[in-house]
Protein chains: 2
Amino acid sequence: MGRLKIKTVGEKATRIQRKNTDIIMDAALEVFSKNGFGGTTIDQIAENAGLSKPNILYYFSSKEEIHLSLLQGLLVKWLEPLRQLNPTADPITEITSYVQRKLEMSQEFPRESRLFAIEILQGAKHLDKYIQTDLKELVKTKATLIDSWIADGKIAKVNSTHLLFSIWATTQHYADFDAQIKLILEPKNNDTNLIASQYLKELFTKLLSP
Amino acid sequence: MGRLKIKTVGEKATRIQRKNTDIIMDAALEVFSKNGFGGTTIDQIAENAGLSKPNILYYFSSKEEIHLSLLQGLLVKWLEPLRQLNPTADPITEITSYVQRKLEMSQEFPRESRLFAIEILQGAKHLDKYIQTDLKELVKTKATLIDSWIADGKIAKVNSTHLLFSIWATTQHYADFDAQIKLILEPKNNDTNLIASQYLKELFTKLLSP
DNA sequence: GTCTATAAGGTGATAGAC
DNA sequence: GTCTATCACCTTATAGAC
């Protein structure tokens, strides 16, 4: 009768498991991204999910397991924009498009962005193996691609790795520091996303123009 | 014999109070910036400070009071680089100097940077009044200054508020996401700070050149 | 000012009925 | 699969001796 990973039941039960697992993870994302791991209680997750605390612990064996599942499930999605960086297209268009994709992802998934940010901020203890392998490898590949564009004279000479850092920093800032931005900007400003998009396009276009 | 704010004792006692208060706040900064508010226990602060838990609570009436004291003490220092932005000097030099000051501050006080970041990330609940007054006012003043530089044709036309956002984002990134950066860069890279400094100077110089 | 002891309440996780 | 009840532990904060 087992835990999640042991599938001994039929189609219908599996579907219920999947559905409830999704509900719990969404509720947990909501609370973890707002209060951090330590500031989150299973009770809060349970209330958010509309389930009882023991029921949460029927699907996940511990609070930490929920947290880990969330982080690991996030990684593939989070790297997708960078993976799409295309060697054959126009370099500046490619990079500014990447900036746009990253910005849109932060705006569309602010909870995920914050969860990720909190985790890195606190030392990346649960992601370090992944960062040292998958992310490091991907950065290396894409930095090499950018370096080849520089060597071909297609874009200006810049440090390709720090270029990536600054793209991450500027795009994620709008999701992660949203509270600060909202408090500073006038409430009437409903076009923050558009302005941010245009500003960042200009920032990186000017940097990279040969 | 009263709490911190009531000064009924002589010079010597006051000096001890001040010394222990500083020790506690430094220990608390260490732990809060690493584990967040919820992930921190008074026991951890006590151990870090080399004091007993009740002794901590002799100087501060609660865990939250320590946290608040830290955040509020941080604000003046954190805004100083922007305050120094000088209306009379050369605009591009002024802005790139500001970038350097902000970068140095993040590198020199990474714990403060992370504490601040975690607070904003989680909704800025304890700083919202300050952000809406002091910071908003300062940003308005300095954005107006930058706008006047644009009007005078001294720098390129950009959105001045988003310029400030991108400066904060890029400079704080090196402190806040240090764990990720260290894992991605080769261990041999000891000159990250220098490269970051040069890269950011180029990024903003190109953006702002008329 | 600093300590030991402890109250008071919250939290993660489990047992067992349904 | 889901619930109520509960255990065992941890944590904040206080009381009171020194």
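By convention in this document, chain letters (A, B, ...) are assigned in the order of the sequence lines, proteins followed by strands, and residues within each chain are numbered from 1. Predicted model, so just to flag it, every value in this text is computed and none were measured.
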_So, does A:Tyr58 get its side chain near the phosphate of D:dT2, meaning an N or O under 4.0 Å from OP1 or OP2?_
no
Looking only at heavy atoms, the pair that brings A:Lys136 and B:Leu185 closest together is NZ-O, 4.5 Å
Could you list, one pair per line, each protein nitrogen or oxygen that sits under 3.5 Å from a nitrogen or oxygen of nucleotides 3-6 of chain D, together with the distance?
| residue | atom | partner | partner atom | Å |
| --- | --- | --- | --- | --- |
| D:dC3 | OP2 | A:Ser52 | N | 3.4 |
| D:dC3 | OP2 | A:Ser52 | OG | 2.7 |
| D:dC3 | OP2 | A:Asn55 | ND2 | 3.4 |

B:Lys63 NZ to C:dG9 P, in whole Å, measures 18 Å
So, with a heavy-atom separation below 4.0 Å from DNA chain D, the residues of residues 27-42 of chain A are none
Whole-Å distance, A:Ile23 CD1 to D:dG1 P, equals 13 Å
B:Lys19 NZ to C:dG1 P, in whole Å, measures 12 Å
In terms of heavy-atom contacts, A:Ile146 and A:Ser160 come closest through CG2-CB, 3.7 Å
Minimal heavy-atom distance between B:Ile24 and B:Ile56, with the atoms involved, is CG1-CD1, 3.7 Å
Scanning both residues in full, the closest heavy-atom pair of B:Asp178 with B:Arg114 reads CB-NH1, 4.3 Å
Anything under 30° is parallel, anything over 60° is perpendicular, the rest tilted; go ahead and classify B:Phe165 against A:His173.
-> tilted
Of the candidates C:dT2, D:dA13, D:dT2, the side chain of A:Tyr59 sits closest to D:dT2
Notebook entry, point to check: Any side-chain donor-acceptor pair under 3.5 Å between B:Tyr59 and B:Asn20?
Noted result: yes
Regarding the side chain of B:Gln17, the nearest nucleotide among C:dG1, D:dT14, C:dT14 is C:dG1
Closest non-hydrogen atoms of B:Ser166 and A:Thr170, given as atom of the first, atom of the second and distance, are CB-CG2, 4.0 Å
Regarding the side chain of A:Asn20, the nearest nucleotide among C:dT2, D:dA13, D:dT2 is D:dT2
Atom CG of B:Leu57 and atom C1' of D:dG16 are separated, to the nearest Å, by 16 Å
- prompt: Is a donor on one side and an acceptor on the other found under 3.5 Å between the side chain of B:Glu119 and the backbone of B:His126?
  reply: yes
Residues pairing under salt bridge (Lys or Arg N to Asp or Glu O under 4.0 Å) where one sits in residues 19-35 of chain B, two or more places apart or in two chains, turn out to be B:Asp26-B:Arg111, B:Glu30-B:Lys34, B:Glu30-B:Arg111
note: A:Ile66, atom CD1; C:dA13, atom P; distance rounded to Å ~ 9 Å
Separation of D:dT14 atom P from B:Ile56 atom CD1, nearest Å, is 15 Å
B:Lys102 meets the side-chain hydrogen bond (donor to acceptor under 3.5 Å, both in side chains) criterion, sequence neighbours left out, with B:Gln172
When the rotation axes relating C1' atoms of four end pairs to the next four are compared across the helix from C:dG1-D:dC18 to C:dC18-D:dG1, five pairs an end, they differ to 10° by 0°
Rounded to whole Å, the CG-P distance (B:Asp43 to C:dT6) equals 17 Å
The salt bridge (charged side-chain N to carboxylate O under 4.0 Å, His left out) partners of A:Lys140 (sequence neighbours excluded) come to none
